[in-house]
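First the proteins, then the strands, lettered A, B, ... as listed; each starts at 1.
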Amino acid sequence: MKYSPAPLSSKADASKTARDFGALFGHVLLATVAQHARVVLVPRWREPWRDTTWTLAALDYGNEPVAFELQDGTWLYVAQTLGIRESRRDGGKLWLTTLMYKYRWQATEDDASWIVRWEYVREAATPRYPVAHVHVNAVPDHYDETRKAFPRVHLPSGRIAIEDVVSFLIREQGVAPVSNRWGDELAEAREIFAQIQGRGGTR
Amino acid sequence: MAINLEALDVEVVELPPDELHRLLDERARELLGMSADEFIAAVRAGDELDNPAADRLEVLARTLIEQG
């Protein structure tokens, strides 16, 4: 794989890079755990072009974000909002970045059957909770129920990559991988995602 | 590396902003009982809607929110 990402300097750059990111995101899912998923990139073009944002998600054919079925019959909802931001590392050059992600593992197609949610909002207007956090749809036996409902608690986390979620599903939840190369696919994708976002090398 | 990025592609759906807004409005009214503008305002404010359908639609709202 030859890939030499550079900071974004034009609308065409931004469009190409967002497409690369989206293509890789879809590949990660379809090469590892998804039976089928219509991963779609929806741009919201703005002027100046650096204010453009993209929805990257699995959509149904009415373009509504939806969960898709995994190899073991459980379901996964994935969505990102992409945007362009200056890097503090390299003197303010522009790179594609994730402004928000939501990954939700659920038992069935029904939204209410969610088990774990991994979420990140880079620029919350009023940060009331950790920007990267996890929700678990359970209540520990000894949790004081007069506190905030446990599934609504924002458990602090680091940023979680889609590769981390996929790895969790295969390694710890026994979701059958689509191919035996799933580990290599995830490792390579992690490196490319880092390059696209100007983070260079592996995390 | 075995992943050939040049060989991969993603479906791109170009929805005019008013069409994206209409889609969100239709789904937000049906699933959440609120308009797209009300939902966008709630997302912008960081309100917790405690509704897994809201969680699913949020990506559309965030894409419509003006940045900066």
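Within a 6.0 Å sphere centred on CG of A:Asp144, other residues, nucleotides and ligands contribute more than 12 heavy atoms. In the displayed structure, A:Glu109 atom CD is contacted under 6.0 Å by at most 12 heavy atoms of other residues, nucleotides or ligands. Annotation: B:Glu14, atom CD; neighbour count of heavy atoms from other residues, nucleotides and ligands within 6.0 Å is above 12. More than 12 heavy atoms of other residues, nucleotides or ligands sit less than 6.0 Å from atom CZ of A:Arg128.
For the atom pair A:Arg19 CZ and B:Leu8 CG, the distance stands at 12.0 Å (nearest 0.5 Å). Expressed to the nearest 0.5 Å, how far CG of B:Leu64 lies from OG1 of A:Thr55 amounts to 7.5 Å. To the nearest 0.5 angstrom, B:Leu57 atom CG is 6.0 Å from A:Glu64 atom CD. Here CD1 of B:Ile3 is found 4.5 Å from CD1 of A:Ile192. Values are rounded to the nearest 0.5 Å. Here the straight-line distance linking atom CD1 of B:Ile65 with atom OG1 of A:Thr81 works out to 8.5 Å at 0.5 Å rounding. The CG atom of A:Asn63 sits 12.0 Å away from the CZ atom of B:Arg27 when rounded to the nearest 0.5 Å.
Both the backbone and the side chain of B:Arg56 have a heavy atom closer than 4.5 Å to some heavy atom of chain A. Looking at A:Val121, only its side chain comes within 4.5 Å of chain B, counting heavy atoms on both sides. In this structure, the portion of A:His154 lying under 4.5 Å from any heavy atom of chain B is its side chain and not its backbone. Looking at A:Tyr129, only its side chain comes within 4.5 Å of chain B, counting heavy atoms on both sides. Only the backbone of A:Trp54 comes within contact range of chain B, judged by heavy atoms closer than 4.5 Å. Residue B:Asn51: no heavy atom, backbone or side chain, is found under 4.5 Å from chain A. For A:Ala18, no part lies near chain B; criterion is any non-hydrogen pair under 4.5 Å.
For the options A:His27, A:Arg152, A:Met100, heavy-atom pairs under 4.5 Å to chain B are most numerous at A:Arg152. Interface remark: of the candidates A:Trp114, A:Trp45, A:Tyr101, A:Trp45 forms the most heavy-atom pairs closer than 4.5 Å to chain B. With chain B as the partner, the residue from A:Arg38, A:Gln106, A:Glu119, A:Glu185 showing the most heavy-atom pairs under 4.5 Å is A:Arg38.
Of the possible polar contacts, none joining the B:Thr63 side chain to the A:Thr53 backbone as a donor-acceptor pair under 3.5 Å is found.
The two atoms that bring A:Pro43 and B:Val12 nearest to each other are CD-CG1, 3.9 Å, heavy atoms only.
The shortest distance between side-chain heavy atoms of A:Arg44 and B:Leu60 does not fall below 4.5 Å. Looking at heavy atoms from C-beta onward, B:Asp55 lies out of side-chain contact with A:Asp111 at the 4.5 angstrom threshold. Side chains of B:Glu48 and A:Lys148 form a contact here, defined as non-hydrogen atoms less than 4.5 Å apart.
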